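Here the structure is laid out as structure tokens; the discussion comes afterwards.
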Amino acid sequence: MYHANSSARRRQPLLSFVVLYYLLWFRIIVASFVVATGAADSAHVSAARNDNDNDGANANANEVPQPECSAASLEDKGHCSESNSNPSGSPPQPFTSFHHLVVLVHGYMGSDREQAYLGEAIMEQSELILNTTTDTTRAARHQFCIKSSQANKGLTTDGIANGGKRLAEEVRQWIREEQASLALLQPVPSSVQTIMTLSLIGNSLGGLYARYAVAELQDLFLGSTASTTSTTNIGPPPSPQVQVLPLVYCSTSSPHLGVTQETYMKLPRWMETTIFARTLERTGADLFRFHNHLKEHSKDDDDDDNEVAEDDVILNMCQSPHFLDGLGQFQKRIAVANAYNTDFLVSVASGAFLDQYSDSRHYTSQHDQAAQMDNEYAILHVTTTAQQRQEPSSHNKYPPPPKTLRSCVEALDNLGWHKIFMDTRDALPRWTQLSLSNLLPPLKSKDPRRAFYTSQELVHQFSRYGTLLPVAHPLNIANTKTELYGKLTQLGRPIMDALAKRLVLDMMDLSEQSSSSSSQ
């Protein structure tokens with residue numbers, strides 16, 4: 001693994017990337033006005049499909065080889081590892097194996113190539129871990145299959161709900177196909193029980209698509225009592241035998257709280273609603289939380305109460321049991337956010353759902369090094385504790401609590417999360433960095449292993465401006481939606497390598513733990 005600050009020449013493409021990045025956003029704004037007047041701007045739909053077969057041919061022999069970003073490997077059929085149920089040649093013994101279906105979900109104006117590097121890194125890390133383990137039985141238990149979503153390619157302007165439904169139907173179809181393939185490969189009777197797991201990794205808007213899709217897929221989850229909740233009603237309902245174990249949900253730089261008053265440069269509300277929310281169509285209205293039936297809170301309400309709409313999908317996804325229950329069934333939830341305003345598009349408060357009025361506790365993970373992401377730019381790991389959600393009583397004479405950003409933040413935190421804060425300022429030229437005070441030590445509880453920060457402390461610290469070049473949004477995921485993007489975001493590859501390793505280990509450990517607990 002190479003590090004960005006180890007060589008000055010690796011920073012040379014950054015200035016070109018910054019210019020390209022700002023030109024891209026100028027184009028987005030111009031295109032949004034064209035869309036508003038009825039013109040069709042489909043230039044962003046077309047994506048280059050050239051494989052980079054020779055990217056690593058001239059790599060230094062002392063560097064760890066980087067996985068190729070081959071778009072073909074993640075298109076259509078995806079990329080699956082080999083299955084070896086009996087590597088030692090000994091008589092098969094009864095055991096449980098796991099078929100890990102990992103779905104990558106791109107963001108606004110993205111494509112199925114956006115997370116190609118992460119997909120290849122997951123495959124490489126899984127093969128490395130399984131091939132180097134001394135436990136041959138464990139190596140035979142896990143197979144990884146990576147799918148890159150194409151359901152919303154070129155269709156990211158019609159709202160979170162529509163995109164989430166399309167994604168859900170695509171994942172539902174993949175689950176059917178994978179289950180059918182497993183049934184053909186596994187002899188009957190068999191000494192091996194295969195459990196299919198589902199993990200979703202959403203980048204930017206893709207993280208919201210994934211959260212919406214999870215609610216639509218609950219009827220497929222192992223142990224779920226939910227009926228088929230999908231509102232798309234495309235095709236026959238799946239067989240009861242077609243079920244999966246919801247394993248890991250991960251978002252990278254996703255605007256969980258929307259983007260209203262959360263942009264790099266704070267915009268007046270009138271500008272958000274009259275320009276961006278309207279011209280960026282339904283998705284813009286969702287992200288800026290602007291709708292036709294907008295309701296204003298009175299001045300007597302809490303200071304953190306912003307405008308709330310009847311069809312505010314951002315807040316509804318934080319409060320409705322329909323959305324919380326599905327997300328809560330995953331064995332682990334991870335949110336990766338960019339600190340110190342290094343992300344032009346998604347603030348740290350929205351990416352890690354923090355609120356300046358919330359006392360929600362975020363416990364440090366310093367005592368648990370094994371659970372951390374091994375990368376120099378991951379400056380803080382914290383976890384929130386899962387809480388039992390109180391079901392509203394029909395006999396309760398008090399009205400339900402209002403839908404506010406604070407209640408949204410705390411409802412999500414109560415599901416239990418692993419939050420990772422990234423700071424990639426050292427990867428940028430030094431003249432672009434702004435000096436900041438160091439992170440204060442966490443508050444101490446009675447148990448020294450349970451030190452914590454509050455939500456308001458984290459948002460106060462990480463919302464400060466730390467750079468003049470806020471390019472972390474595409475850089476940190478090593479965005480490869482085009483060949484040029486892939487070259488300009490190479491500094492983000494070590495981050496994705498570390499995240500891929502963390503995800504693979506989590507998937508293996510959590511699936512085995514779930515199987516062990518269910519068998520007892």
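What you see is a predicted model; the values in this text were computed from it and never measured.
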Check whether S251 reaches the backbone of G207 with its side chain - one donor and one acceptor, N or O, closer than 3.5 Å. no
Decide whether Q115 and H106 meet the rule of one side-chain donor and one side-chain acceptor closer than 3.5 Å. no
Ring centre gap for F353 and H256 strictly below 6.0 Å: yes
Side-chain donor/acceptor of N152 to backbone N/O of G163, under 3.5 Å: yes
Under a 3.5 Å distance rule, please check whether R493 uses its side chain to pair with a backbone N or O of A478 as donor and acceptor. no
Between CD1 on residue I314 and CD1 on residue I160, distance to nearest 0.5 Å: 4.0 Å
Looking just at side-chain N and O atoms, do S360 and D413 make a donor-acceptor pair shorter than 3.5 Å? yes
Determine yes or no for a side-chain-to-main-chain donor-acceptor pair under 3.5 angstrom, with S514 supplying the side chain and S511 the backbone. no
Using only heavy-atom distances, determine whether the side chains of Q218 and D325 contain a donor-acceptor pair under 3.5 Å. no
Verdict with supporting geometry, K147 and E170, salt bridge (Lys or Arg N to Asp or Glu O under 4.0 Å): CA-CA 10 Å; K147 300 281 190 178; E170 181 181 45; over 6 Å; no
Can the ring centres of Y453 and Y363 be said to be less than 6.0 Å apart? no
Between S97 and T194, is any side-chain donor less than 3.5 angstrom from a side-chain acceptor? yes
Less than 3.5 Å apart, any donor N or O on the side chain of D497 or Y117 sitting next to an acceptor on the other? yes
Can you check whether L415's main-chain N or O pairs, donor with acceptor, with R333's side chain at less than 3.5 Å? yes
Judged by atom type as modelled, is there a donor-acceptor pair below 3.5 Å linking the side chain of T489 to the main-chain atoms of Y485? yes
Would a distance-only check, ignoring hydrogens and angles, find a side-chain to backbone donor-acceptor pair under 3.5 Å from Q179 to Q243? yes
Given salt bridge (Lys or Arg N to Asp or Glu O under 4.0 Å), test R172 with E216 step by step and report yes or no. CA-CA 9 Å; R172 190 180 293 271; E216 301 284 297; over 6 Å; no
Between atom CD1 of I495 and atom CG of N375, what is the distance when rounded to the nearest 0.5 Å? 5.0 Å
Assess the pair F452 and H362: is the distance between their ring centroids shorter than 6.0 Å? no
Do F98 and H142 have ring centroids that are under 6.0 Å from one another? yes
Give the C-alpha distance, both sets of side-chain angles, the deciding distance and a yes or no for side chain to side chain contact (heavy atoms under 4.5 Å, CB included) between V102 and L247. CA-CA 10 Å; V102 183; L247 204 54; over 6 Å; no
Keeping S254 on the side-chain end and S204 on the backbone end, is there a donor-acceptor pair under 3.5 Å? yes
Heavy atoms, side chains only, cut-off 4.5 Å: are T467 and Q433 in contact? no
Are S455 and D355 linked by a side-chain donor-acceptor pair shorter than 3.5 Å? no
Looking at G159, is its backbone amide N or carbonyl O close enough to the side chain of T283 to form a donor-acceptor pair, meaning the two atoms are under 3.5 Å apart? yes
Begin from the C-alpha positions of L434 and Y340 and carry the test side chain to side chain contact (heavy atoms under 4.5 Å, CB included) through to its verdict. CA-CA 10 Å; L434 302 177; Y340 298 122; over 6 Å; no
Sidechain-backbone polar pair: S347 side chain, S350 backbone, donor-acceptor under 3.5 Å: yes
I need the I477 CD1 to N203 CG distance, nearest 0.5 Å. 3.5 Å
Verify the distance criterion only: is there a donor paired with an acceptor across the side chains of H100 and T197 at less than 3.5 Å? yes
